[in-house]
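Counting convention: from 1, in listed order, for ligands and their atoms alike. We're numbering straight along the sequence, starting at 1.
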Amino acid sequence: MTPPDPVDFFERQFQRQVRETDFALNPFEQLALPHVAGAVLDLGCGLGNLSLEAARRGCSVTAVDASLTAVERLRAAALQEQLAITALQADLAGFRIVRDYDTIVAIGLLMFFRKERALALLRQIGERVRPGGCAIVNVLTEGTSYLDMFQPGEYYLFGTKELERAFAGWAVLTAQHDSFPAPGGTRKEFATIIAQKP
Ligand SMILES: C[S@@+](CC[C@H](N)C(=O)[O-])C[C@H]1O[C@@H](n2cnc3c(N)ncnc32)[C@H](O)[C@@H]1O
């Protein structure tokens, strides 16, 4: 499989993190963790830190990412701890969610697709969460000026309220905006939603 370009960006980052055993949960994964339960799908799982912590708490997890370094690290850690994790290396550009889950997570993923694909995957997430289950989605939004990890034209910055509109009718447990400085005086603007399906 030839990885898409953003994945090269993350491959390099993940290889360094594996060398340095830097496996801390990021702030969005920490926010998500209390809401992760049951059968979990972790799309764009990265190094799998959230998947591992969820499985340690009794969840059965399917985790998907295009980064071989990330998937191999997750498989090795899951095997060592005998955790219920299936880690798949796949390009999510063409991926279909084929069953229902109690929790579907997509942290820092959907902006790596063109608008049509990003919104189609967001719709699938909504359809595949079981009633009573949670969707946990985090994306970069308009106003983000740090674009080094994107291929020109091959990304989508969400509208600031777009996630809330997508989950209209769900119980919104968390909806927040975060702004972080990035290299070269740029910024990353994030929207996060944790929503429970009626
Ligand atoms: C910002 S990182 C987030 C990783 C993890 N969810 C976290 O919170 O640390 C984005 C992840 O999306 C993955 N990714 C980007 N484009 C992808 C694609 N087309 N198919 C599969 N994974 C992709 C990258 O490999 C990377 O692991």
Exercise. With the threshold set at 4.0 Å, does a side-chain nitrogen-carboxylate oxygen contact exist between Arg130 and Asp102?
Worked result: yes
Exercise. Which one of Ala24, Gly44, Ala63 has a non-hydrogen atom at the shortest distance from atom 4 (C) of ligand 1?
Worked result: Gly44
Seminar exercise, completed: Quick note on ligand 1: atoms under 4.0 Å from a heavy atom of Gly108 include exactly 1 (C), 2 (S), 10 (C)
For this session: Name the option, out of Gly46, Pro27, Ala32, Ala66, that contains the heavy atom nearest to atom 21 (C) of ligand 1.
Result: Ala66
For this session: Using a strict 4.0 Å threshold on nitrogen-to-oxygen distance, state whether Glu53 and Arg56 make a salt bridge.
Result: yes
Problem set entry | Sole residue of Asn26, Val18, Leu74 in side-chain contact (heavy atoms from CB on, under 4.5 Å) with Leu47 | Val18
Exercise. If you measure every N/O of Asp42 against every N/O of ligand 1, is any gap under 3.5 Å?
Worked result: no
Exercise. Taking atom 25 (O) of ligand 1 as the point of reference, which of Asn138, Val7, Leu92, Asp65 owns the nearest heavy atom?
Worked result: Asp65
For this session: May I ask you to check whether Phe112 and Tyr155 place their ring centres under 6.0 Å from each other?
Result: no
For this session: Determine, using ring centers only, whether Phe190 and Phe28 are less than 6.0 Å apart.
Result: yes
Exercise. Would you call Phe14 a ligand 1 contact, heavy-atom distance under 4.0 Å?
Worked result: yes
Problem set entry | Part of Glu11 within contact of ligand 1 (heavy atoms, under 4.0 Å) | neither
For this session: Please state which part of Ala70 comes within less than 4.0 Å of ligand 1, counting heavy atoms only: side chain, backbone, both or neither.
Result: neither
Exercise. Is Glu20 paired with Arg16 through a side-chain N to carboxylate O contact shorter than 4.0 Å?
Worked result: yes
Seminar exercise, completed: Within 4.0 Å of some non-hydrogen atom of Phe113, the atoms of ligand 1 are 19 (N)
For this session: Report, in ascending order of atom number, the atoms of ligand 1 lying under 4.0 Å from any heavy atom of Asp91.
Result: 18 (C), 19 (N), 20 (N)
Problem set entry | Quiz item: cation-pi between Arg73 and Phe23, 6.0 Å / 45° | yes
Exercise. When the ring centroid of Phe9 is compared with that of Phe14, is the distance short of 6.0 Å?
Worked result: no
Problem set entry | Part of Ile107 with heavy atoms under 4.0 Å of ligand 1, whether side chain, backbone, both or neither | both
For this session: Considering the heavy atoms of Leu109, write down every atom of ligand 1 situated less than 4.0 Å from one of them.
Result: 12 (O), 14 (N), 23 (C)
Exercise. Hey, does Pro6 sit under 4.0 Å from ligand 1 if you only count heavy atoms?
Worked result: no
Exercise. Considering distance alone, does some N or O of Phe112 sit under 3.5 Å from an N or O of ligand 1?
Worked result: no
Problem set entry | Heavy-atom closest contact (Met111 atom, Val139 atom, distance) | SD-CA, 3.8 Å
For this session: Consider every N or O of Asn26 and every N or O of ligand 1, then say whether any pair is closer than 3.5 Å.
Result: yes
Exercise. Can you find an N/O atom of Leu43 closer than 3.5 Å to an N/O atom of ligand 1?
Worked result: no
Exercise. Does Ala106 have a non-hydrogen atom less than 4.0 Å from ligand 1?
Worked result: no
Exercise. Ala90 heavy atoms, cut-off 4.0 Å: which ligand 1 atoms fall inside?
Worked result: 20 (N), 21 (C)
For this session: Determine, stepwise, if the pair Leu119 / Lys115 fulfils side-chain contact (heavy atoms from CB on, under 4.5 Å).
Result: CA-CA 6 Å; Leu119 296 183; Lys115 179 177 181 179; 3.8 Å; yes
Problem set entry | Heavy-atom side-chain proximity of Leu41 to Val64 below 4.5 angstrom | yes
